[in-house]
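As structure tokens, the structure follows; a few thoughts come after it.
In this text, all values refer to a predicted model and were calculated from it rather than measured experimentally.
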Amino acid sequence: MARQTKPVWSKVLYKKQPFADNYVDSRKFLEEMRKNENTRTYTFHQIAMAACVVSHQLSSVVLFVAVFCYMYFDWLHPTLVLSVTLPAALVAYLLLGYYSNQEWSEHTNDLKSTVLVLAYSYGLSPVLKTLTQSVSTDTIYTMTLVMLLAHLTVHDYGAGGGIPIVSPPLSMNAAVFAGVCLASRLPSPWHAFATLTFAMALLVFLPVLRTRIMESFTNSEVWLALPFALITSCILATLTTVGTAGFILVQLVVLVLCPYIYCQMQLHKNNIHGPWDEALPDTNTAPRTPEEKLYDSAWKEDGDDIALSDGKR
């Protein structure tokens with residue numbers, strides 16, 4: 001009596017087999033497993049360049065708080081702040097327009113919007129000065145800290161819109177609200193107007209200019225982040241030594257430690273793919289096998305028979 005051979009399972013649907021539809025051969029199951037498919041790895045240099053954007057925005061926030069402290073202690077006059085902020089913003093805007101190739105009509109609209117915002121800020125400065133007068137100073141400082149942390153958290157650092165937590169409008173509103181909170185603790189409406197203008201220029205307009213510069217010049221992140229961090233450290237050193245040490249430590253963590261940890265974590269990536277994944281259509285133009293051609297012809301004949309029977313009815 002001839003010995004019956006065990007049927008071999010094939011991973012096809014068009015062939016009748018003595019197996020259940022959900023059957024999988026355990027011997028072939030792990031043969032199709034693939035690891036880290038289409039996984040992109042980054043070098044330390046690439047990650048450090050991306051971290052420079054975070055460093056620059058962190059320096060902007062700390063510089064804004066430092067300038068507020070200077071005006072609060074009457075070490076810096078608000079007129080000087082405006083005399084530096086407005087011309088610098090104008091030069092930055094001209095550079096932005098040069099690299100973005102904007103038309104004259106767009107410049108006119110931007111100028112109208114800027115004048116309107118400055119006029120409203122100046123007109124509402126007395127109101128902003130007394131808006132939170134009934135709120136305690138500790139509460140104001142706590143609200144400012146929360147708003148600045150929210151600004152840093154949801155700020156767009158160039159990762160794109162694929163990250164749900166990124167929200168440029170929320171980041172801008174948090175920065176402006178922090179400026180309003182701190183402006184209410186200064187001695188005059190002129191101080192409040194200078195603080196709010198400086199906050200919008202530093203935390204709202206400067207990131208837009210930074211993005212355009214990064215798109216136009218290679219490795220410009222370093223030349224923007226490091227000098228800005230150095231200037232901020234020097235200004236902060238005149239206020240607090242402990243705060244300056246903490247700021248430098250945070251910068252080192254952002255620029256060196258975090259990229260290093262990320263590089264090391266990439267070695268432990270273990271994304272597996274196999275038969276358990278969802279089926280994806282194969283769009284290649286490889287020639288069909290004889291079995292596939294036979295199945296196509298059988299399917300076509302069945303379809304013709306069904307159409308013929310429907311026509312007779």
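- Counted within 6.0 Å of CZ on F205, heavy atoms from surrounding residues, nucleotides or ligands total more than 12; the atom is thus considered enclosed.
- Residues Y141 and L145 form no side-chain contact, since every pair of their non-hydrogen atoms from C-beta on lies 4.5 Å or further apart.
- Considering every non-hydrogen atom in both F228 and L202, the closest pair reads CZ-CD1, 3.8 Å.
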V61 vs L203, side-chain contact (heavy atoms from CB on, under 4.5 Å): CA-CA, chis, key distance, verdict: CA-CA 7 Å; V61 170; L203 302 179; 4.0 Å; yes
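- Looking at S125, its side chain does come within 3.5 Å of a backbone N or O of S121 through a donor-acceptor pair.
- Residue F44 places its CZ atom among more than 12 non-hydrogen atoms of other residues, nucleotides or ligands, all under 6.0 Å distant.
- Note that SG of C263 and CD of Q46 are 9.0 Å apart. Values are rounded to the nearest 0.5 Å.
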Derivation and outcome, side-chain contact (heavy atoms from CB on, under 4.5 Å), residues M214 and E221: CA-CA 6 Å; M214 288 168 51; E221 300 93 330; 3.7 Å; yes
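- For the pair R185 and T137, the tightest heavy-atom approach, listed with the atom from each and the gap, is NE-OG1, 3.3 Å.
- Considering every non-hydrogen atom in both L196 and G179, the closest pair reads CD1-C, 4.3 Å.
- The structure places CG of L170 at 12.5 Å from CG of D156, a figure rounded to the nearest 0.5 Å.
- Annotation: the span from L63 atom CG to I231 atom CD1 amounts to 8.5 Å, rounded to 0.5 Å.
- Counting heavy atoms from C-beta outward, T197 and Y122 have side chains that stay 4.5 Å or more apart.
- The cluster map of Ile, Leu, Val, Met, Phe, Trp and Tyr, joined by side-chain heavy atoms under 4.5 Å apart, puts V254 and L226 in different clusters.
- By the 4.5 Å heavy-atom criterion applied to side chains, C52 and L224 are not counted as neighbours.
- By the 6.0 Å contact criterion, CZ on F177 is open, its count of non-hydrogen atoms from other residues, nucleotides or ligands being 12 or less.
- Atom CE of residue M147 and atom OG1 of residue T142 lie 11.0 Å apart, to the nearest 0.5 angstrom.
- Shown here for C181 and I140, the closest heavy-atom pair between the two residues is O-CG2, 3.3 Å.
- Proximity of L58 to L152: side-chain heavy atoms (C-beta onward) are separated by under 4.5 Å at one or more points.
- Under the 4.5 Å side-chain contact rule for hydrophobic residues, Y42 and Y260 do not share a cluster.
- Note: the hydrophobic cluster containing L206 does not contain W223 (ILVMFWY, side chain heavy atoms under 4.5 Å, direct or indirect links).
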Residue pair Y70, L239: steps toward the side-chain contact (heavy atoms from CB on, under 4.5 Å) verdict: CA-CA 8 Å; Y70 266 74; L239 295 171; 3.9 Å; yes
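- In this structure, the separation between OG on S184 and CG on L182 is 7.5 Å, given to the nearest 0.5 Å.
- Between F247 and S59, the closest side-chain pair of non-hydrogen atoms falls below 4.5 Å.
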Evaluation steps, side-chain contact (heavy atoms from CB on, under 4.5 Å), between V180 and M143: CA-CA 11 Å; V180 171; M143 292 171 57; over 6 Å; no
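- Between I248 and T244, the closest side-chain pair of non-hydrogen atoms falls below 4.5 Å.
- One hydrophobic cluster, built from ILVMFWY side chains closer than 4.5 Å, holds both M71 and V65.
- Here L249 contributes atom CG and Q251 contributes atom CD; the two are 10.0 Å apart, rounded to the nearest 0.5 Å.
- The shortest side-chain heavy-atom distance between T79 and W190 falls under the 4.5 Å cut-off.
- By the 30° and 60° cut-offs, the orientation of the rings of F198 relative to F64 is parallel.
- In this structure, Y262 is not a member of the same hydrophobic cluster as L252, with clusters built from ILVMFWY side-chain heavy atoms closer than 4.5 Å.
- Of the possible donor and acceptor atoms, none in the side chain of S55 sits under 3.5 Å from a partner among the backbone N and O of A51.
- Nearest heavy atoms, P87 versus L82: CD-O, 3.7 Å.
- Relative orientation of the H155 and H151 rings is tilted, given thresholds of 30° and 60° on the angle between their planes.
- Contact between G243 and L236 at its shortest, heavy atoms only, is O-CD2, 3.6 Å.
- Residues L148 and T144 are in side-chain contact: their nearest non-hydrogen atoms beyond the backbone lie under 4.5 Å apart.
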